[in-house]
Each structure stands twice: as C-alpha cells, then as structure tokens.
There are 2 protein chains.
Amino acid sequence: MVAKRTTLADVARAAGLSPTSASQILNGKPNTRFSDDTRKRVREAASTLNYRPNVGARALRTDRSLTIGFVSDVVATTRFASGLIRGAVEAAQEVGHVVLVVESGGDPAREGEAVAAVLDRQVDGIVFATMQARKIKAPVVPEGTRVVLLNAISAETSRAVLPDEEAGGRSAVDLLAQAGHRDGIALIGRNVLSEKFPTRSATIARRMQGITSRLDEFGISLAAEKASDEWEPDDGYRLTKELLAESGDIRALICMNDRLSFGAYRACLERGLTVGRDISIVSFDDDEIASYLRPSLSTIALPYQAMGRRAISLLLGDETEPGEYLVPMPAIERESILDLRTNSGWV
Amino acid sequence: MVAKRTTLADVARAAGLSPTSASQILNGKPNTRFSDDTRKRVREAASTLNYRPNVGARALRTDRSLTIGFVSDVVATTRFASGLIRGAVEAAQEVGHVVLVVESGGDPAREGEAVAAVLDRQVDGIVFATMQARKIKAPVVPEGTRVVLLNAISAETSRAVLPDEEAGGRSAVDLLAQAGHRDGIALIGRNVLSEKFPTRSATIARRMQGITSRLDEFGISLAAEKASDEWEPDDGYRLTKELLAESGDIRALICMNDRLSFGAYRACLERGLTVGRDISIVSFDDDEIASYLRPSLSTIALPYQAMGRRAISLLLGDETEPGEYLVPMPAIERESILDLRTNSGWV
DNA sequence: CAACGATGCTAAATGCTTTTATCACCGTCT
DNA sequence: AGACGGTGATAAAAGCATTTAGCATCGTTG
C-alpha cells in the first residue's frame, strides 16, 4: 500500500481547523487574524506530517508554478554551451524554481511543440537559448508570457542576454599590449560571412569590432590576417602554417577561438616555435582544451554559466526594459603570452 | 488584455456538449458511445480553438504528469557528462514527456530538497544521475515512485544504467590486437584506489577487468604499467615520459582515458615518436579532444547519450527487473593505431 | 403494450489549493 | 437593550480535467 502524500486537508484536520485557515496561515497571508496558538498548531502539524504543497494544484489557482521553461534550439545541452543550462538551473533553484528543459532541434515545428509543452505545464516564463549566438525569429508565445532570449537576439523587442563580445575583443588586445606586444601581431580566423550575417552569428562582428578598435587605440596595425569561416583545429593549423611561411616576424597571434588556437599550437611547434616563449597566443572561449594545452592558453572566456544565471534573474526580476543585457567576458590569463618587458616566458 | 487559454469547457461549449463528453472523446476513452458526428465536432472544435489540456490539472486527477525528474549530483550539466541529459531529454520528448532538471551539488540535504521539488510537481518518475559513475546511497523516495539510476549503482535493489565497461576494456585490446600488436604494450593510468572503492568509481575496475582478461585470452602480457589516481593530461605526460625513458621497446599504449592520452601524445612527440606510426595509442571516453588530436585518437566511447536514452526507456517502459542495464561502448576507430600488418600508419 | 436493451450523452464528485465573502461570538459604548 | 466594532475563524467557489454513476430516448421483442 503506497502511502499517500500529505495534503493541506490532512494538516487542517490534524490542527483542528479548516483548510482555508491552514492555507492562509502557511502562506502568511496578510490581514488575517489567527491566534498565535492556532498558527503554531498549524505549522507544527505541517511539519510533523511533512506537508508540501502540490505545485500543480497551486498553479491551477494562482498561475504560478515555480517552474521555468528552458527551450533551446539544437544543442544547449551540448558540452559547448552546457554552461548555459547549468547556470540557469543553479540560479533558478536558488530562488525556489525548477527548470524544464526542452529541445527543438532547430526545427520550427518542433519548436512550436516545445513551447506548447512547457506552456501546458504553466511555466512562469521561458528562456530561449541557442548554442551559436544567433539572430533568431523569436518563437510565438501567448501575450503576457515572460520571455528572455539567451545567447540570441531577435528583431522583436525583448530582453536578450549576450556575452559582451566587444569588451571581450578589447580585453584580448589588452592582454597582448600589457605584455608589451606592439608589432608582429597576426589575426587568425577572421570570419567575413559571420560578420555580415547576424543569422549566423550575433556576436562575431562585435568581437572583431572590439579587437580592431582597441588595436587602433594603441596605434597597432596587424602584421597579417588570415580569414576562415570555419574555426576547427585543422583550420587553425593550416592558417598558422601558411602565415608563418609567408610572414616574417610574427610575435603574437590572436586566434578567434580556442579550437583555432589548438591547431595554431601544432603549427608553431612544427616550425620550431615555442608558444609562450617565441610567440604569444591569445584566444577566445575558454574551451575545455584551453587548460589542457601546454603552455596553457590565455583566453577570453565565454561566460556561459553567468549568462544562464543572468537569464533567470532577468526572467524573474523586474528589469523589464527590452534590449541587450551584456555579461562580461573574463580574461583568463594563463601561460601562452610572453611578457616582452620581463622576457619571462614559458619554460 | 491577455487572451486566456482555451479550456476543455470552451471546447465543449463550442461543440454543444458537456465537458464530460469532450474529455472522453478527446481521450479516446473505450466503452463510450458517441455518434461519429459528435466526435468530429469535438475534434474540430478542439483544433480550431487550439485546445491543449492543462497538464497540471490533469495530473491532479490522474497522477500522470508526463514529466520526468532528472536529478543529478554535481555536474550532469557539465560538458563531460552533458550527453546524459541530452539523451534523456531527447528520448523523453519522443514519447511526449518533458524533463525537469535539478542539481543537488552532491550535498545530501540539497539532494532531499531536489527530490522533494520534483515530487511536488508530480513527476512520473525520477532519474538519478552522477557524473562519475559511482556507487551511491540511493535517495529516499516515497514507495511506489519509479526510479532509475543513471551512471551510478547503489546497494538497494533498483535499476541502474551503466556503460558496459568490461566489454569496452576488451574492445580496446581488440583494436590493438586486430592491428597486429602483441608485444610492447603498456598501460597508462592504472588506478588502484578506484578499482578498490566503488564509491569512487563503479566502473573503472570493470574496464580494467576487461582489458586484462582480453589480454590474457590473446596470451599477451603487458610490457609495462604506470599507475595513477588522477587522469589529467599532465599525468599522462609524466607517466608516458617516465615509461618511455625506462622501458625499451614500447609499441602501443592503452591509456585509461583521453585526457591521459592527450598528455601521452605530447610525451611521445618530445621523444621523437610519432603517434600512429612509431607508436599506437588506444584510449577511453571519446572526449572532445579525441577528434582534435593529430593523428586523431582511437578510443572506446562512453555512450552518455545512449545511456540517457536508456534511462528513460527503462523508467517509462515495463522492464521492471532490478539490476544493471549495460549500454555498449562503441569503439571509435581513428588514426592513432598503426596497423603492423600493412604497416600503414599515419603520415 | 409493457418491458428491455441499446444508444447517446451528462451531472456531480474528485484531485488539491487559494480566494472571497461571510459568520458567530464577545465586549463595549450609548 | 441595542448597535457596533473587533476577533477568530470558515463555507463555498474557482481553477481545469477526469471519472463514476446514471439519465433520457428510441426501437425492438414477447
């Protein structure tokens, strides 16, 4: 025989009261008058019986389910962007909420289905996340539904959480400049397509913008630039290899992401160049591999977890201003940058 | 003015019927008698009004919420094991369910809270996942709650989904044997602690067992063995470096995971050994880095996604036999193994 | 023609909680 | 004595869907 869950009625009975009273007391309803003794009795009954309200029943009445829908396109559960979910789950739990995770596979039909599925469960709000920060058509939801875009932007007015890529781009340059780099700086992975089309990436253009404007401020001009629309390790290898063959005195590389850097390490090595001593590398993302490489890779992190948290605080908080909410990209200083002034590089 | 959701009553009204009838028709209740015309009218009304049942209200009556609780210890949302969630979410959605993701941080108190939180939402069952396949004290849940352990085992009788590590261990050896390796095989990362204590790892001993028994069957004895309780890249580097310095003719490495392999690559390189030509490496996990390495790493994959799927099919299906449900570990053949018979290695 | 069995449908209860409106009682004031 | 205000509580409805038990109506059968 399965023990049934304690209900509010059980508590009321145990305390010799009506469910109404029990409800009002447990919820701390203002403007009610109960004797201290009564209040105490109810609370004690609730605690001994281990009462927990049925969230579904409550939601039926109050329209608040303490539940948030997290709907992502392809792969927010992918290792790349799983920090988004992680941050959201953590932040939600801290304020007594719970997260319903749904994936649409990027397919608009399934997206509609996903949205409906969470709405059916009376969620208090929906976070729409994409893995590649992209411009999306915000899914249609009933008027009045709270929505936050995570790692995505849309044409419709709404709130969107994004990494502060422009500042991140500037930070990357700062890391190099701080270490005394002024000449012989090359850029690996300039991405013309993505810079043009926000449906591919909402952020790459800004990263680029941050880099170039900061370089300008320092009066630095790039010694070389290698373009690529793909950013896999092999691309980094190929581009860096070409670069080192063509250009004379390259002292530092700005790689557009860590996977490119991974390939760049190999190309440098083959050429007899030790990263962190003969050549500096700064990069973006703080991917898993960044800490595995030797020397470990200095990189501007994509703050996925913080972004996930921010999306929740935005969804549940009272900042209702539509627009972009930027999350800083921390500079992770490791060992891949040679300090030209002290000349203390990697050993 | 916010448009209210369509309710069953709305549908009934539109079809000129009672909610009772509408419910029975839409749910295809057997042993009811309605005219074809009536059925049609209800279905049409439901579809034009875009009716979707309120899952909470329904759960109140039926105790089925089409929702599954996924509670994990520290980090099932971590990139390492995020495949577990991904598989679960996918499989759940395919059968019309949705997944509630909660984390306990490994703290027993928070674990209780996490379980309660999903129970409050009347989930149809709970998946308990851990990142490191470990032996755990299965959390207490009310009798009658369906539970599946994912990547974990416990003393209590219940169902547990695990990777088939023993077969995986055998596969690793097979990959080497197939390529003609018989001598000069070394093992990197033997883990004495974890083999002894299932609270640290439920699976490492089995992986080891698979490796040794298969080696035995081939009559192969290990040329060397390096132990370590940590399996990070630096450990792989250090162990391999030592190994190569000490032992004479090492032709193949079995690394206990891909991060060790990563370090091993570096050690080989430094020693002037080209992986896939001068020395073979086989490994475990199929981590992100396995495909980035050059030559790419042949490895026995941890089938996280398939395991997540399996947990759901177990939770919702009717295999109620307690015990372990093993998921095969696919051998991912890449380029890190030299075929001694054709001598066609990596170029 | 009365009884009966199909046929087609519905009222009301149920699940659990919150909310609104109201009630009984007591003491005090005029 | 009657009105009044305060105190401490509750009945009933509402929120949405499902389930149980039963009600009309109609054609058939003996």
Side-chain angles (χ1 to χ4, degrees), chain A residues 2-43 45-46 49-67 116 119-124 142, chain B residues 2-43 45-46 49-67 119-124:
Chain A
V2 196
K4 249 190 65 267
R5 237 180 115 88
T6 302
T7 80
L8 185 62
D10 298 331
V11 174
R13 202 172 310 118
L17 283 173
S18 70
T20 303
S21 306
S23 170
Q24 293 178 339
I25 289 172
L26 292 176
N27 291 316
K29 223 186 171 231
N31 306 323
T32 60
R33 301 174 293 246
F34 293 99
S35 67
D36 285 352
D37 174 64
T38 301
R39 288 179 200 278
K40 187 150 158 277
R41 266 186 4 255
V42 169
R43 284 193 225 287
L49 293 177
N50 226 317
Y51 170 69
R52 304 202 35 127
N54 178 317
V55 175
R58 170 182 281 172
L60 212 47
R61 195 74 242 267
T62 62
D63 251 316
R64 304 209 53 229
S65 60
L66 301 179
T67 305
L119 252 19
D120 291 348
R121 287 158 181 87
Q122 296 190 259
V123 292
D124 294 340
Chain B
V2 197
K4 248 189 64 275
R5 236 180 115 89
T6 303
T7 81
L8 186 61
D10 297 332
V11 174
R13 203 172 309 117
L17 283 172
S18 70
T20 304
S21 306
S23 170
Q24 293 178 337
I25 289 172
L26 292 177
N27 291 316
K29 220 182 172 236
N31 307 324
T32 60
R33 302 174 294 248
F34 293 99
S35 68
D36 285 352
D37 174 63
T38 302
R39 290 181 199 277
K40 187 150 158 278
R41 263 182 12 251
V42 169
R43 285 194 223 288
L49 293 177
N50 227 317
Y51 169 69
R52 304 204 34 131
N54 178 318
V55 174
R58 169 183 282 171
L60 213 47
R61 195 76 241 273
T62 62
D63 252 316
R64 306 210 51 230
S65 61
L66 301 180
T67 305
L119 252 20
D120 291 347
R121 286 159 181 87
Q122 296 188 256
V123 292
D124 294 341

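Everything numeric in this text was worked out from a predicted model, so none of it was measured. Throughout, protein chains are lettered first and strands after them, A, B, ... in sequence-line order, and every chain is numbered starting at 1.
Judged by atom type and distance alone, Arg61(A) reaches the base of dT18(C) through a side-chain donor-acceptor pair under 3.5 Å.
Separating the CZ atom in Arg5(B) from the CG atom in Leu49(B) is a distance of 12.5 Å, to the nearest 0.5 Å. Within the model, atoms OG1 of Thr6(A) and CZ of Arg52(A) stand 11.5 Å from one another, a figure rounded to the nearest 0.5 Å. To the nearest 0.5 Å, atoms CG (Asn31(B)) and CD (Gln24(B)) are separated by 10.5 Å.
Residue contacts for Ser23(A): at a heavy-atom cut-off of 4.0 Å it reaches a base atom on one of the strands shown. At the heavy-atom level, Asp63(B) lies nowhere under 4.0 Å from the strands shown.
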For nucleotides 6-11 of chain C, print each protein N/O atom paired with a nucleotide N/O atom at under 3.5 Å, atom names and distance only.
residue	atom	partner	partner atom	Å
dG8(C)	N7	Arg33(B)	NE	3.1
dG8(C)	N7	Arg33(B)	NH2	3.1
dG8(C)	O6	Arg33(B)	NH2	3.2
dC9(C)	OP1	Thr38(B)	OG1	2.8
dC9(C)	OP2	Ser35(B)	N	3.1
dC9(C)	OP2	Thr38(B)	OG1	3.1
dT10(C)	OP2	Ser18(B)	N	3.0
dT10(C)	OP2	Ser18(B)	OG	3.2
dT10(C)	OP2	Ser21(B)	OG	2.7
dA11(C)	N7	Thr20(B)	OG1	3.4
dA11(C)	N6	Thr20(B)	OG1	2.9

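Residues Leu8(B) and Tyr51(B) have side chains in contact (heavy-atom distance under 4.5 Å, counting atoms from C-beta outward).
Side-chain contact of Arg121(B) with Ser65(B): a donor-acceptor pair under 3.5 Å is absent, judged by distance alone.
The CG-P distance, from Asp10(B) to dG15(D), rounds to 11 Å in whole Å. With rounding to whole Å, Arg13(A) atom CZ is found 16 Å from dT10(D) atom C1'. At whole-Å resolution of the value, NZ in Lys29(A) and C1' in dG8(D) are 15 Å apart.
By the neighbour-count criterion of 12 heavy atoms within 6.0 Å, atom CG of Asp37(B) is densely surrounded, having more than that number from other residues, nucleotides or ligands.
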